[in-house]
Amino acid sequence: QVQLVESGGGLVQTGGSLRLSCAASGRTFSSYTMGWFRQAPGKEREFVSSISPSAITTYYLDSVKGRFTISRDNAKKTVYLQMNSLKPEDTAVYYCALRSQLGSYNDYKTFGSWGQGTQVTVSS
């Protein structure tokens with residue numbers, strides 16, 4: 001079983017930046033697509049971004065394209081989410097996940113392992 005631990009969340013003003021990290025252990029990290037999801041209070045969990053095992057293919061939620069960048073370091077078993085030009089609507093708990101099933105790239109049900117989440121709050 002894999003363990004995922006997120007870090008890097010916090011409070012930032014509108015227009016600011018944060019870099020989230022997710023460290024994995026317990027499984028061959030480099031073989032799996034990794035993703036970031038977020039959940040705001042009273043809303044459903046939402047796909048943010050994903051990255052293929054070799055980092056060749058990435059996907060983004062439309063509203064974060066051009067502002068967020070996903071990357072990974074397979075040697076460190078870590079996936080990152082660089083978030084720039086943050087907006088109040090980006091406020092949410094951000095979760096790292098490992099994809100364990102085939103399916104739509106943004107379907108949370110295809111991701112079988114999840115971190116505990118890290119809070120991102122963007123003040124206006």
Side-chain angles (χ1 to χ4, degrees):
Q1 185 65 289
V2 66
Q3 293 80 43
L4 302 173
V5 179
E6 302 100 332
S7 61
L11 173 65
V12 65
Q13 292 185 333
T14 297
S17 298
L18 284 173
R19 187 195 196 201
L20 305 183
S21 299
C22 173
S25 62
R27 187 177 280 188
T28 307
F29 174 82
S30 61
S31 299
Y32 295 90
T33 289
M34 298 297 297
W36 287 97
F37 290 74
R38 67 187 182 187
Q39 188 165 19
K43 296 187 177 180
E44 294 186 352
R45 189 165 299 193
E46 177 179 55
F47 169 84
V48 176
S49 182
S50 67
I51 186 166
S52 62
S54 59
I56 291 176
T57 302
T58 58
Y59 294 102
Y60 294 94
L61 178 69
D62 283 347
S63 62
V64 308
K65 285 180 181 177
R67 300 189 298 122
F68 291 10
T69 303
I70 192 170
S71 62
R72 66 190 296 162
D73 185 333
N74 287 340
K76 295 182 178 180
K77 295 186 177 181
T78 302
V79 62
Y80 305 96
L81 186 68
Q82 178 67 45
M83 305 186 296
N84 299 327
S85 302
L86 283 161
K87 305 175 181 181
E89 50 264 43
D90 294 318
T91 295
V93 176
Y94 283 71
Y95 297 91
C96 168
L98 180 148
R99 193 175 186 190
S100 55
Q101 301 178 41
L102 295 177
S104 178
Y105 71 90
N106 59 353
D107 184 356
Y108 76 91
K109 294 188 290 294
T110 67
F111 289 78
S113 297
W114 295 80
Q116 82 288 350
T118 185
Q119 177 71 48
V120 171
T121 303
V122 184
S123 63
S124 57

Tightest non-hydrogen contact, residues Phe111 and Thr33, listed as CE2-O, 4.4 Å

Is Val48 reachable from Val93 through a run of hydrophobic residues whose side-chain heavy atoms are each under 4.5 Å from the next? no

Separation between CG (Leu86) and OG1 (Thr121), nearest 0.5 Å, reads 10.5 Å

Rounded to the nearest 0.5 angstrom, the CG-CZ distance for Asp62 and Phe47 is 10.0 Å

Side-chain heavy atoms under 4.5 angstrom apart, residues restricted to Ile, Leu, Val, Met, Phe, Trp, Tyr: same cluster for Phe68 and Leu61? yes

Check the pair Gln119, Leu11 against side chain to side chain contact (heavy atoms under 4.5 Å, CB included), reporting the backbone distance first and the verdict last. CA-CA 8 Å; Gln119 177 71 48; Leu11 173 65; over 6 Å; no

Residues Leu81 and Ser49: closest non-hydrogen pair is CD1-CB, 4.3 Å

(message) I'd like to know if Tyr59 and Tyr108 are part of one continuous hydrophobic network [Ile/Leu/Val/Met/Phe/Trp/Tyr, side-chain heavy atoms within less than 4.5 Å].
(response) yes

So salt bridge (Lys or Arg N to Asp or Glu O under 4.0 Å) across residues 79-106, not counting sequence neighbours, yields Arg38-Asp90, Arg67-Asp90

Taking every heavy atom of Lys43 against every heavy atom of Gln39, the minimum-distance pair comes out as O-NE2, 3.1 Å

Would you check if the distance from the ring center of Phe37 to the ring center of Trp114 is below 6.0 Å?
yes

Interatomic distance, CD@Gln13 vs OG@Ser123, rounded to 0.5 Å, equals 5.0 Å

**Q.** Any side-chain heavy-atom pair of Ser17 and Gln82 under 4.5 Å
**A.** yes

OG of Ser50 to CG of Asn106, rounded to nearest 0.5 Å, is 8.0 Å

**Message:** Keeping Thr58 on the side-chain end and Ile51 on the backbone end, is there a donor-acceptor pair under 3.5 Å?
**Reply:** no

### Side-chain donor/acceptor of Asn74 to backbone N/O of Ser54, under 3.5 Å
no

Minimal heavy-atom distance between Tyr94 and Leu20, with the atoms involved, is CB-CD1, 3.6 Å

All heavy atoms of Leu4 vs all of Cys96, minimum pair found to be CD1-O, 3.8 Å

NZ (Lys109) and CZ (Arg45) are apart, to the nearest 0.5 Å, by 12.0 Å

(Q) Would you say that more than 12 heavy atoms from the other residues, nucleotides or ligands in this model lie under 6.0 Å from the OH of Tyr60, or not? (A) yes

In Val79, Thr78, Ile70, the residue satisfying side chain to side chain contact (heavy atoms under 4.5 Å, CB included) with Met34 is Val79

The reported gap from CG in Leu102 to CG in Asp107 (rounded to nearest 0.5 angstrom) is 11.5 Å

Minimal heavy-atom distance between Val120 and Leu18, with the atoms involved, is CG1-CD1, 3.9 Å

Checklist entry - Given the rule in the side chain to side chain contact (heavy atoms under 4.5 Å, CB included) test, do Asp73 and Tyr80 qualify, once you have shown the distances and angles that lead to the verdict? => result CA-CA 8 Å; Asp73 185 333; Tyr80 305 96; 4.1 Å; yes

